[in-house]
Number of protein chains: 2
Amino acid sequence: MPPLPTRCAVDIGQLRVACSSCSLRELCLPAGFKAREMERIDGLVDQRRRVRKGEHLYRAGDPLTALYAIRSGFMKSCVLHEDGREQVAGFHMMGDLLGMDAIGGGHHMSDTMALEDSEVCEMPFTILERLSREFPPLQLQLHRVMSREIVRDYGVMLLLGSMKAEERLAAFLLNLSQRFAVRGYSPTEFNLRMTRQEIGSYLGLKLETVSRAFSSFHQHQLVEVRHRHVRILDPGGLKAVLGPVR
Amino acid sequence: MPPLPTRCAVDIGQLRVACSSCSLRELCLPAGFKAREMERIDGLVDQRRRVRKGEHLYRAGDPLTALYAIRSGFMKSCVLHEDGREQVAGFHMMGDLLGMDAIGGGHHMSDTMALEDSEVCEMPFTILERLSREFPPLQLQLHRVMSREIVRDYGVMLLLGSMKAEERLAAFLLNLSQRFAVRGYSPTEFNLRMTRQEIGSYLGLKLETVSRAFSSFHQHQLVEVRHRHVRILDPGGLKAVLGPVR
DNA sequence: GGCGCTTCTTGATATAGGTCAAATCGGGAG
DNA sequence: CTCCCGATTTGACCTATATCAAGAAGCGCC
């Protein structure tokens with residue numbers, strides 16, 4: 001655990017946040033809101049919260065208080081079996097909305113932890129509910145985000161249920177690449193924020209298998225990997241790993 | 001394809017349906033609605049629709065028109081890879097709500113097919129949206145159902161990502177058992193509506209492996225299986241397969 | 001009531017990925 | 001700058017599950 005340069009762990013206080021002037025707006029609230037409408041949304045984010053690397057945003061069992069939009073940083077969500085086995089259920093980056101697992105039962109059903117120092121916007125759920133009632137585009141947006149999470153989950157099932165190791169890793173890299181691209185980062189060169197172990201957990205593989213798959217890609221000139229740094233040399237080739245050309 | 005005893009395939013017409021008098025009410029709409037509130041909900045179900053065994057309720061690519069509540073029968077949802085590989089993403093029975101995968105993009109992202117003759121209540125999505133805005137308990141219920149689907153998906157990821165073959169099958173049987181119990185059926189004796197192949201797809205296993213796991217359970221006196229008929233002899237033993245006693 | 005197709009079971013064998021082990025690399029702490 | 005520990009890579013070997021194959025058992029259909 002690194003000593004903390006500033007005093008306290010978790011929050012950076014009551015500073016009001018305006019979604020209307022947030023650079024991530026198109027990610028969080030892609031629907032076409034008019035200026036006057038945006039003002040209403042501004043009441044939604046109660047406060048920002050800082051989560052340091054290794055800290056939890058929430059844990060399984062915590063009561064639902066808010067949903068969270070990632071402003072910066074990188075996080076993972078895990079579900080855990082009683083016997084301690086843990087399964088990474090997703091990796092999250094800026095613009096992603098977290099916490100929807102808690103709506104059903106009032107308590108979070110997964111752990112979410114920062115993989116690097118991160119900042120989230122906290123949206124109290126009661127306010128979100130009320131605003132989305134009064135303001136149809138927000139309602140639609142919330143439904144869309146939850147639906148997309150379901151679709152994403154189906155994709156992970158497909159990956160876990162019917163792909164081989166190298167296909168899984170290729171799918172994983174292409175997914176990361178695409179998400180970085182959407183956020184304005186390079187789709188071909190980035191740093192992984194997670195360990196091989198965490199990638200393996202997400203993909204249903206052991207860390208050694210992940211490592212070997214990386215090496216194989218490297219040999220085939222598909223990617224250049226040095227530890228956490230990845231450069232995709234041949235995106236088409238990677239896609240071909242996924243769906244061998246027919 | 002069996003010849004159809006009645007003429008047309010899919011719908012049984014405009015007969016208005018009243019949720020308020022539906023025996024499945026507690027499954028679809030578990031929140032405590034008052035009588036006067038229920039009347040409003042009655043406008044939600046546009047019509048019933050009959051889906052025969054082997055027919056699709058919707059397919060990937062179909063535009064979103066409605067969400068569906070299963071009134072009777074049994075269905076499966078599948079996602080498919082371009083190359084034809086198909087992954088069963090879920091099995092559904094009465095009271096389950098279907099179609100939420102289409103909200104995000106306006107089109108369904110999975111196929112849903114009846115595994116036996118079934119009947120669903122069709123809830124036009126626009127009406128659902130409007131009603132849930134005007135009527136907070138319904139909004140809450142919709143959010144809950146979507147959230148629970150997300151949590152269910154996390155459970156499937158855990159299963160696919162970190163369990164062995166027999167653990168997966170035990171988890172599957174216990175899950176079915178519990179869902180039958182909630183619906184008032186025997187939790188220890190039931191008929192499977194799906195093939196070994198479909199179970200295998202759902203669990204990320206080949207049909208032979210599913211068959212062997214059944215045989216193994218049979219040998220260990222945990223269940224009695226004859227083809228599609230299952231009787232759980234030792235629920236505790238099955239749970240122990242999942243989480244070996246520690 | 002028999003036929004034929006699909007589903008299921010079971011056995012033999014192959015293999016992808018897991019497990020165990022060791023060496024190397026890097027990055028943070030002091 | 002150096003030490004130390006966790007992360008990563010790589011190799012050797014093993015095992016759970018897939019694959020291939022052959023019957024057997026149901027079930028719908030005629």
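On a predicted model such as this, the values are computed, not experimentally measured, just so you know. By convention in this document, chain letters (A, B, ...) are assigned in the order of the sequence lines, proteins followed by strands, and residues within each chain are numbered from 1.
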Anything under 3.5 Å between a protein N or O and an N or O of nucleotides 12-16 of chain C, put it in a table, one pair a line.
{"from": "C:dA12", "atom 1": "N6", "to": "B:Arg212", "atom 2": "NH2", "distance (Å)": "3.2"}

Cut-off 3.5 Å, no hydrogens considered: what does the side-chain donor-acceptor table look like for residues 212-222 of chain A, sequence neighbours left out?
{"from": "A:Ser215", "atom 1": "OG", "to": "A:Ser211", "atom 2": "O", "distance (Å)": "3.1"}
{"from": "A:Ser216", "atom 1": "OG", "to": "A:Glu166", "atom 2": "OE2", "distance (Å)": "2.9"}

Quiz item: Taking everything shown except A:Met113 itself, do over 12 heavy atoms lie less than 6.0 Å from its CE?
Solution: yes

Quiz item: Are B:Thr195 and B:Leu207 close enough that some pair of their side-chain heavy atoms sits under 4.5 Å apart?
Solution: no

Self-check item: side chain to side chain donor-acceptor pair (under 3.5 Å) partners of residues 223-236 of chain B, not counting sequence neighbours, each pair once
Solution: B:Glu189-B:His229, B:Glu189-B:Arg231, B:Asn191-B:His229

Quiz item: Between the main-chain N or O of A:Asn175 and the side-chain N or O of A:Gln178, is there a donor-acceptor pair closer than 3.5 Å?
Solution: no

Self-check item: For B:Asp101, all residues meeting side chain to side chain donor-acceptor pair (under 3.5 Å), sequence neighbours excluded
Solution: B:His108, B:Ser110

Self-check item: Listed once per pair and sorted, the salt bridge (charged side-chain N to carboxylate O under 4.0 Å, His left out) pairs that draw on residues 86-95 of chain A, sequence neighbours left out
Solution: A:Lys76-A:Glu86

Practice problem: Only pairs at least two apart or in different chains count here, so list each salt bridge (charged side-chain N to carboxylate O under 4.0 Å, His left out) that has a residue in residues 169-179 of chain B. | Solution: B:Asp96-B:Arg179

Practice problem: Would you check if the side chain of B:Ser201 reaches a backbone N or O of B:Val88 as a donor-acceptor pair within less than 3.5 Å? | Solution: yes

Practice problem: Would you confirm whether B:Ser77, through its side chain, and B:Thr112, through its main-chain N or O, come within 3.5 Å as a donor-acceptor pair? | Solution: no

Quiz item: When you check the phosphate oxygens OP1 and OP2 of C:dG26, does a side-chain N or O of A:His227 lie under 4.0 Å from one of them?
Solution: yes

Quiz prompt | With sequence neighbours excluded, residues passing salt bridge (charged side-chain N to carboxylate O under 4.0 Å, His left out) with B:Asp117 | solution = B:Arg52

Check residues 154-164 of chain B and write down every donor-acceptor pair under 3.5 Å in which the side-chain atom is one partner and the other belongs to a residue at least two apart or another chain.
{"from": "B:Tyr154", "atom 1": "OH", "to": "A:Glu149", "atom 2": "OE2", "distance (Å)": "3.1"}
{"from": "B:Ser162", "atom 1": "OG", "to": "B:Leu158", "atom 2": "O", "distance (Å)": "2.9"}

Quiz item: When the C1' atoms of the five terminal pairs at each end define the local axes, what inter-axis angle does the helix from C:dG1-D:dC30 to C:dG30-D:dC1 show, to 10 degrees?
Solution: 60°

Nucleotide N/O to protein N/O under 3.5 Å, stretch nucleotides 3-7 of chain D:
none

Quiz item: CE of A:Met194 versus C1' of D:dT8: gap in Å, rounded?
Solution: 15 Å

Self-check item: Non-neighbouring partners of B:His107 that pass side chain to side chain donor-acceptor pair (under 3.5 Å), sequence neighbours left out
Solution: none

Quiz item: When you measure from every atom of DNA chain C, which of residues 200-210 of chain B have a heavy atom less than 4.0 Å away?
Solution: B:Leu207, B:Glu208

